[in-house]
Peer 1: 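Dropping the structure in here first, questions after.
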Amino acid sequence: AQSVSQHNHHVILSEAASLELGCNYSYGGTVNLFWYVQYPGQHLQLLLKYFSGDPLVKGIKGFEAEFIKSKFSFNLRKPSVQWSDTAEYFCAVTNSGGYQKVTFGTGTKLQVIP
Amino acid sequence: NAGVTQTPKFQVLKTGQSMTLQCAQDMNHNSMYWYRQDPGMGLRLIYYSASEGTTDKGEVPNGYNVSRLNKREFSLRLESAAPSQTSVYFCASSKDYPEQFFGPGTRLTVL
C-alpha cells in the first residue's frame, strides 16, 4: 500500500527565511504527486502537482517542488516566506494508472513570524 | 460556479444520534470522496465514488455509509454517532485525473 511521510510536523520561520518541507512516499509504481495548502479556517487548495516531465515543478505563490525518484521524495521549497504563508501543508500521492485514490501525509504546520 | 459545497458547516450531535452530511459539486466531475481530518493524522479517506452508481470503502469506513445520489451529489451518513467520530469532514471531487477539489468542510462534534 502506498504511504506518505512528512517528517516535519511543525515549522516556525521568520519572514524572508527559506523554506523546505520534506515529503517521502513509498510506492513501487509510477506516481502522481501533489502539495496542498490549508490556510487557517479554510479548505485544502492545490499548491502544485507533478505528473511527468520536468521534475522541478513550479506552483502558485512562488512555491516549487522537486521530484527525486531515486529518493522517493517530493520536497516543497520557497526561497523567501511571508507571514501569509502561515498554513498547514499536505503532501499527497496517487498511482498514475487505474483509479486515482489519493493518500495524504499527516501535514506540516508552518508558522511564519513577522 | 460554486465548486464543491457542503452542508452543514457545523453540527453537534449526542452519542447515538444519526445525521447525513451533504456534498454537491457543479464541475461535472466523475469521482467524489469523503475524508475526515483529525489533528496529527492528516486526511483519511472514508469512502469514495469513482463514478455515478459506484461506491467503495476507503481507509476508515467503519460507522459510516454513503450514497451517490447522482453525478452531482455524494452524501455521508452516520447511523449512530460516537465521540470518536468528532472530526472535520471534507468532501472532494475530481474529473478524470487525480487532482481533487475540496469543499469547505463540516465540523462535527459528538458529545
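Note on naming: letters A, B, ... go to the chains in the order of the sequence lines (proteins, then strands), and numbering restarts at 1 for each one.
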Peer 1: Contact between R44(B) and F104(A) at the side-chain level, heavy atoms closer than 4.5 Å - yes or no?
Peer 2: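 No; the side chains remain at least 4.5 Å from each other.
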
Peer 1: Are Y39(A) and L110(A) in one and the same hydrophobic cluster, where Ile, Leu, Val, Met, Phe, Trp and Tyr link if side-chain heavy atoms are under 4.5 Å apart?
Peer 2: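 They do share one cluster, since a chain of ILVMFWY contacts under 4.5 Å joins Y39(A) to L110(A).
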
Peer 1: Please flag which part of L46(A) lies under 4.5 Å from any non-hydrogen atom of chain B: side chain, backbone, both or neither.
Peer 2: side chain

Peer 1: Is the NZ atom of K109(A) crowded by more than 12 outside heavy atoms at less than 6.0 Å?
Peer 2: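 Count not over threshold, so no.
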
Peer 1: State the OG1-CD distance between T103(A) and E59(B), to the nearest 0.5 angstrom.
Peer 2: 6.0 Å

Peer 1: Is I60(A) reachable from W83(A) through a run of I, L, V, M, F, W or Y residues, each pair having side-chain heavy atoms under 4.5 Å apart?
Peer 2: no

Peer 1: Kindly indicate whether the side chain of Q42(A), heavy atoms from C-beta on, has any atom under 4.5 Å from the side chain of F102(B).
Peer 2: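 The answer is no, as the side chains (C-beta and beyond) never meet within the 4.5 Å cut-off.
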
Peer 1: Is L43(B) close to chain A through its backbone or its side chain, or both, or neither, when contacts mean heavy atoms under 4.5 Å?
Peer 2: both

Peer 1: Examine F10(B) and F90(B) and state if one hydrophobic cluster contains both, with Ile, Leu, Val, Met, Phe, Trp and Tyr joined whenever side-chain heavy atoms are less than 4.5 Å apart.
Peer 2: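 Different clusters: F10(B) never reaches F90(B) through Ile, Leu, Val, Met, Phe, Trp or Tyr contacts under 4.5 Å.
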
Peer 1: What part of Q38(A) lies closer than 4.5 angstrom to a heavy atom of chain B: side chain, backbone, both or neither?
Peer 2: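 It is the side chain, since no backbone atom gets that close.
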
Peer 1: For the residue pair F90(A) and Q37(B), what are the closest heavy atoms and their distance?
Peer 2: CZ-NE2, 3.2 Å

Peer 1: Please confirm whether the backbone N or O of V102(A) pairs with a side-chain atom of Y33(B), one donor and one acceptor, at under 3.5 Å?
Peer 2: no

